[in-house]
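In what follows, a single structure is set out as structure tokens and then discussed.
FYI, side chains are in, hydrogens and waters are out, and symmetry mates aren't considered; it's all heavy atoms of this structure. Because the structure is a prediction, the values reported are computed rather than measured.
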Amino acid sequence: MNISFNTAALLFPAISLIMLAYTNRFLALAALVRSLHAKYLDHNKSGVLHGQIENLRYRLRLIKRMQTMGVVSFVACIICMFCIYLGLARLAEFTFAVSLLCFAVSLIISLIEIQLSNKALELELSDMEDPEVKQ
């Protein structure tokens with residue numbers, strides 16, 4: 001396999017965009033945590049609120065892992081390009097593979113976090129639902 005600068009450079013915009021999306025998810029989650037904190041301080045300590053807190057805590061850990069894997073992917077891609085520049089083809093191929101693998105892991109973790117996000121919304125809706133309407 002022959003990797004060129006162009007091959008490795010293809011990952012740069014993809015990784016940058018996904019990191020921006022991860023940052024936006026983190027900022028939205030941070031705002032939600034602050035909102036829930038205010039509710040908690042108002043002595044609204046219902047079971048739904050505790051469920052949301054646990055869900056948010058887990059989602060924050062997932063986002064941290066998503067971002068970590070994205071950064072590792074980005075760094076591996078940079079190392080790959082440096083190895084191409086130095087003419088170290090084997091090392092360039094290895095670091096490119098690591099970059100792709102980390103990017104894929106990051107996306108899989110993102111999918112899990114999205115599923116948890118949907119579960120959190122369902123939990124929020126269940127608190128407002130009429131008990132007769134529940135299925």
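Listed by chain and number, the residues in a ring-ring contact (aromatic ring centres under 6.0 Å, His included) with Phe103 amount to none (sequence neighbours excluded). Remark: Gln115 pairs with no residue by the side chain to side chain donor-acceptor pair (under 3.5 Å) rule, at least two apart or across chains. Shown here are the side chain to side chain donor-acceptor pair (under 3.5 Å) partners of Ser99, two or more places apart in sequence or in another chain: Ser73. Considering only residues two or more places apart in sequence or on other chains, Ser110 meets the side chain to side chain donor-acceptor pair (under 3.5 Å) condition with none of them.
Residues Leu101 and Phe74 do not share a hydrophobic cluster, defined by chaining ILVMFWY side chains whose heavy atoms lie under 4.5 Å apart. By the rule that hydrophobic residues join a cluster once side-chain heavy atoms approach within less than 4.5 Å of another member, Met69 and Ile78 end up as members of one cluster. In the hydrophobic clustering of this structure, Val105 groups with Leu107; members are Ile, Leu, Val, Met, Phe, Trp, Tyr whose side-chain heavy atoms approach within less than 4.5 Å, directly or through other members.
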Please output the side-chain donor-acceptor pairs of residues 82-92 that fall under 3.5 Å, not counting sequence neighbours, one pair per line with the distance.
none

Show the atom names and distances, to 0.1 Å, of all donor-acceptor pairs under 3.5 Å that link a side chain in residues 58-66 to residues at least two apart or in another chain.
{"from": "Arg59", "atom 1": "NE", "to": "Glu113", "atom 2": "OE2", "distance (Å)": "2.8"}
{"from": "Arg59", "atom 1": "NH2", "to": "Glu113", "atom 2": "OE2", "distance (Å)": "3.1"}

What donor-acceptor contacts under 3.5 angstrom involve side-chain atoms of residues 12-20, with partners at least two apart or in another chain?
{"from": "Ser16", "atom 1": "OG", "to": "Phe12", "atom 2": "O", "distance (Å)": "2.9"}

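In this structure the side chain of Thr95 never reaches within 4.5 angstrom of the side chain of Met81, judged on heavy atoms. Residues Gln67 and Ser106 fail the side-chain proximity criterion, which asks for heavy atoms closer than 4.5 Å.
Residues in residues 7-20 take part in no salt bridge (charged side-chain N to carboxylate O under 4.0 Å, His left out) pair, two or more places apart or across chains.
Within the model, atoms CG of Leu116 and CG of Leu111 stand 10.0 Å from one another, a figure rounded to the nearest 0.5 Å.
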